[in-house]
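Everything numeric in this text was worked out from a predicted model, so none of it was measured.
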Amino acid sequence: MALQDSAGTMIQTMTRDRRSLFHAASRIAWALAAALWVVGPASPGRAAEPGPDAAPSGGLTAGSLLIRGRLIGSIPVGQHSRIEPIGGRIITPTRALPDADATYFLTDRIAIAGQGGILPTRTSIRGSRVGDLPVGTTWSASLNGAVQVHVLPHAAFNPYLGAGVGYTAPIAYQPAKPLVTPMKADPQVGPMLQAGFDYHLGGRWYANMEIKRFFLPTLVSRIGPGSATVALDMVIVGAGLGYRF
């Protein structure tokens, strides 16, 4: 009972920490957006300067290709799990990761965005009948794409909303030996919503901030001789720079 109480307290603490991180990141995003809105676009004198990079207002128009790089926080939310036969919970930690995407503007307002990469996910078991256990690391290929609507296409501050789909497929496993040997997980496909903004810094450079939520289906994994069923969504909060081609 003491171990279960301790595990329950730990899970509650980690849940509060993830919620606090998510709320803090959201407040920072909106505060930065408000600050940039107040600052507004570059001064008229600066905007009128001729040059090869000159483009209407913010510069993101039909035919623009924007490559962004960000530092993101990957935050699991609404996590529930069932582990057979030992009980307990699967814990997926919050992570800081590099991130990049490419966005092509079909029109001044409509763009398509896509990204892909290899992501490691380290998981562990808490509060099982045999105590706390490391599970190991799963390396997954991740692809996602979205259609975006840019609200102020001719302004330096250009917020956008997007919707799309994400796909994740495990490609390699690093089990926590000797406790865990075989590991296997199913691919996942789920819808994704996003909101963010680009701010024209000058020339071809843009500041970017974005928040995304992936609605993932239930994941069934093999862990050693047992199995784990995990349901969770992922919230991604990030900020970085973009370069227009």
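Proximity of Pro76 to Met234: side-chain heavy atoms (C-beta onward) are separated by under 4.5 Å at one or more points. Taking 4.5 Å as the limit, some side-chain heavy atom of Thr123 sits within range of a side-chain heavy atom of Thr121. Contact annotation: the side chain of Pro153 never approaches that of Thr61 to less than 4.5 Å [non-hydrogen atoms, C-beta and beyond]. In this structure, Lys212 and Asn144 have side chains that are in contact, with non-hydrogen atoms separated by less than 4.5 Å. In this structure, Ile110 and Val149 have side chains that are in contact, with non-hydrogen atoms separated by less than 4.5 Å. Side-chain contact between Ile223 and Ile90 is present, with at least one heavy-atom pair separated by less than 4.5 Å. Counting only heavy atoms from C-beta outward, the side chains of Leu193 and Phe215 approach each other to under 4.5 Å. The side-chain heavy atoms of Ile236 and Ser74, taken from C-beta on, include a pair separated by under 4.5 Å.
Take Arg82 and apply the salt bridge (Lys or Arg N to Asp or Glu O under 4.0 Å) test, not counting sequence neighbours, and it matches Glu84. The salt bridge (Lys or Arg N to Asp or Glu O under 4.0 Å) check on Arg109 picks up nothing, with sequence neighbours excluded. Taking the side-chain hydrogen bond (donor to acceptor under 3.5 Å, both in side chains) definition, one finds that Thr168 meets it with nothing, sequence neighbours left out.
No donor-acceptor pair closer than 3.5 Å links the side chain of Arg122 to the backbone N or O of Pro134. Of the possible donor and acceptor atoms, none in the side chain of Asn208 sits under 3.5 Å from a partner among the backbone N and O of Ala239. Remark: side-chain polar atoms of Gln174 are not paired, donor with acceptor, to backbone N or O of Gly136 under 3.5 angstrom. Counting only distance, with no hydrogens or angles, the side chain of Gln188 and the backbone of Pro217 share a donor-acceptor pair below 3.5 Å. Without hydrogens or angle criteria, Arg213 side chain to Val235 main chain gives no donor-acceptor distance under 3.5 Å. Listed for the Asp186 side chain is no donor-acceptor partner under 3.5 Å among the backbone atoms of Ser221.
Aromatic ring orientation, Trp205 versus Tyr243: perpendicular (interplanar angle above 60°, classes split at 30° and 60°).
Between the side chains of Glu210 and Tyr160, at least one donor N or O lies within less than 3.5 Å of an accepting N or O.
Considering all non-hydrogen atoms of both residues, Leu71 and Pro98 come closest at CD1-N, 4.4 Å. Residue Arg70 comes nearest to Gly240 through the heavy atom pair CG-N, 3.7 Å, listed as atom of the first residue, atom of the second, then distance.
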